[in-house]
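Structure, as structure tokens:
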Amino acid sequence: MNKWRKVLINPVLGKEITLRMRTPKSAFSIFAYVLVMGLLAMGIIYVMTSGSGMQSGRVDSGVSRMMFYALSIAQLVLIAFMTPALTAGVISGEREKQTLNMLLTTQQSSATIVLSKLVSSLSFMTLIILSTLPVYSIVFLYGGVSPSQLVSVFLFYLFVMLLLGSIGVFFSTLLKRTILSVIMTYGVGLVIFLVTGLAYLFAMSIDRVSYYNSGAPVRAYSWVGYLLGLNPAGALISIFEPSFSKSAFLVQGSNLQSSAPIELWQEFIIV
Amino acid sequence: MIEIQNLTKTYGGFDALKNVNLSIAKGTVFGFVGPNGAGKTTTMSILATLLAPTSGSAKVGGFEVTEQPHEVRKRIGYMPDFFGVYDQFKTTEYLHFYGASYGIPRAERDQLIPQLLELVNLSDKKDAYVDSLSRGMKQRLCLARCLVHDPDVLILDEPASGLDPRARIEMREILKELKLMGKTIIISSHILPELAEMVDEIGVIEHGVMVAQGKVSEIQNRLRVKRVLHIRVLERAEELAERLRDEAHVSQVLHDETGVHVHFGGGDAEQSRLLGGMISAGYQVVSFHEAQSNLEDVFLEITKGGADHEQMA
């Protein structure tokens with residue numbers, strides 16, 4: 001046990017985890033996070049079962065799948081907000097607390113320090129994500145979602161956290177002040193989440209207009225679909241619904257039976 | 001133990017260090033003196049491998065700081081002028097963390113840390129959170145942290161700044177103990193009297209230039225172009241003051257209730273003749289002595305004007 005501890009936990013990582021878990025702030029963050037997710041799940045069930053007009057008034061597998069999607073997208077948005085907040089100050093924070101110089105004169109290499117800080121932040125994020133599993137269990141109560149889908153969604157979260165976390169640590173190392181680093185990380189996060197999505201919608205509309213105007217015969221997939229592959233939300237939806245990748249590439253009106261050139265989540269991960 | 005040659009550091013267009021040369025033997029306590037912004041912290045940061053010099057070389061224990069920083073870090077304990085602590089740690093955990101960062105095994109640390117806390121008089125605070133310690137205690141804890149890997153060289157940047165007189169005395173006592181342990185210590189300060197008692201050598205730096213360097217007494221002698229003589233006579237002090245103003249080598253004469261103070265530019269022979277002259281003129285001399293110039297006077301003498309430094313440098 002001790003041997004493994006020695007191999008897996010270096011002093012910086014041990015320090016980070018100890019210090020993080022000692023603050024009441026961490027417990028509050030987890031509580032607030034699970035509370036938001038729980039309220040969201042309850043809200044969806046309430047709306048679905050209120051039985052007005054179109055709704056059947058009961059939760060069937062279709063509804064629970066919808067709920068799973070909604071929760072997963074909400075979780076993705078929360079990750080996008082939490083990860084920069086957790087990682088963008090790890091190095092610049094040490095600098096501001098005037099502890100960085102002493103840490104740098106120890107035998108720990110700069111790479112060890114930076115990576116340990118990234119891993120400790122991400123492990124905390126993972127803890128938060130795992131703590132939302134009970135909320136997901138509500139979905140399993142009603143069926144409609146396979147465990148493998150859940151696992152792949154969680155792996156996808158890990159990947160997004162690693163991406164945003166690395167950006168956060170990068171800016172935190174580069175910039176002297178935490179506040180600047182946080183702003184830059186959110187800025188880049190915004191580009192990844194929002195700008196790619198908007199660019200897809202915009203480019204797709206232009207592409208369709210030009211397609212109809214030219215009156216060309218049925219055409220294969222549009223390049224515009226690749227833009228959506230850069231968007232985490234797009235990639236996430238493509239994990240739920242494999243047909244989504246295909247439709248993203250299709251120009252409206254055309255109907256090809258072949259599969260999409262690439263699954264969106266694959267593209268996202270490759271990029 | 002420490003060799004610095006032609007060390008230069010430039011920030012933008014500003015020269016923080018200009019061709020600094022310095023050599024410190026093993027076991028020496030070296031006082032680094034100079035006004036704020038003179039280049040003390042820059043030099044120490046370079047030695048601590050935190051800053052790369054623009055040109056020149058700096059070696060600790062024979063290892064070049066830029067080429068083998070890992071080896072240099074094993075040999076130095078660095079205490080910055082301003083530092084923070086991890087508030088959520090207890091003092092022992094704090095030392096355990098740094099000990100582990102230096103690769104010291106747990107069993108060894110368990111033995112070492114009580115000894116270190118004993119050395120810096122913090123044994124009774126071993127379970128206290130670092131947050132709850134006073135500034136003086138934090139300063140001492142930081143010193144214990146520097147010692148955790150038993151380095152040969154201690155680089156202490158203003159270790160006594162912001163401490164009350166009692167805490168300052170405690171810090172001085174600890175440093176004396178470290179000197180006895182044979183550590184090579186570089187200590188910087190802008191408050192000179194606190195260094196005077198314990199340093200073997202001093203280096204005075206100003207505007208990035210090493211203005212003077214050597215044993216404290218040597219530098220005092222070198223600088224003693226003018227000595228101040230304190231003379232007390234039984235009577236006719238005012239008349240004596242008037243008379244001394246016309247004497248050779250005397251540049252300034254002050255007279256107050258404690259006696260006559262003469263700024264004298266001559267050597268020992270001239271000084272003896274001056275005394276002989278006074279006695280033969282019938283003055284009843286009670287005391288005639290040279291004022292002891294301390295480090296502070298030396299510092300002020302060295303750094304008092306631009307033209308002077310050029311000569312000294």
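Computed from a prediction, not measured in an experiment: that's the story for all the values here.
- For Lys97(A), the NZ atom sits in a packed shell: over 12 heavy atoms of surrounding residues, nucleotides or ligands are nearer than 6.0 Å.
- To the nearest 0.5 Å, atoms OG1 (Thr23(A)) and CG (Asp87(B)) are separated by 11.5 Å.
- Between Arg73(B) and Leu104(A) the shortest heavy-atom distance is NE-O, 3.3 Å.
- Expressed to the nearest 0.5 Å, how far OG1 of Thr106(A) lies from NE2 of His149(B) amounts to 9.0 Å.
- Heavy-atom distances place the side chain of Glu94(A), and not its backbone, under 4.5 Å from chain B.
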Before giving the answer on side chain to side chain contact (heavy atoms under 4.5 Å, CB included), spell out for Met102(A) and Tyr98(B) the whole-Å C-alpha distance, their side-chain angles and the decisive distance to 0.1 Å.
-> CA-CA 9 Å; Met102(A) 292 190 290; Tyr98(B) 281 101; 4.0 Å; yes
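- Residue Cys146(B) does not touch chain A at all, counting heavy-atom pairs closer than 4.5 Å.
- When side chains are defined from C-beta on, Thr105(A) counts as touching Leu50(B), because their heavy atoms get closer than 4.5 Å.
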Side chain to side chain contact (heavy atoms under 4.5 Å, CB included) assessment of Leu19(A) paired with Phe89(B) = CA-CA 7 Å; Leu19(A) 292 186; Phe89(B) 266 152; 3.9 Å; yes
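- More than 12 heavy atoms of other residues, nucleotides or ligands shown are found within 6.0 angstrom of NZ on Lys183(B).
- Heavy-atom neighbours of Lys138(B) NZ from other residues, nucleotides or ligands within 6.0 Å: above the threshold of 12.
- Heavy-atom contacts from other residues, nucleotides or ligands closer than 6.0 Å to NZ of Lys59(B) number 12 or fewer.
- When each of Phe82(B), Tyr78(B), Tyr86(B) is scored by its heavy-atom pairs under 4.5 Å with chain A, the top score falls to Tyr86(B).
- Between the CD atom of Glu93(B) and the CZ atom of Arg22(A) there is a distance of 4.0 Å, given to the nearest 0.5 Å.
- Val72(B) does not touch chain A: none of its heavy atoms, backbone or side chain, sits under 4.5 Å away.
- Within 6.0 Å of the CD1 atom in Ile179(A), the count of heavy atoms belonging to other residues, nucleotides or ligands does not exceed 12.
- Counting heavy-atom neighbours within 6.0 Å of Arg177(A) CZ, excluding the residue itself, gives a total of 12 or less.
- Within a 6.0 Å radius of CD in Glu118(B), no more than 12 heavy atoms belonging to other residues, nucleotides or ligands are found.
- No donor-acceptor pair under 3.5 Å is formed between the side chain of Gln107(A) and the backbone N or O of Ser101(B).
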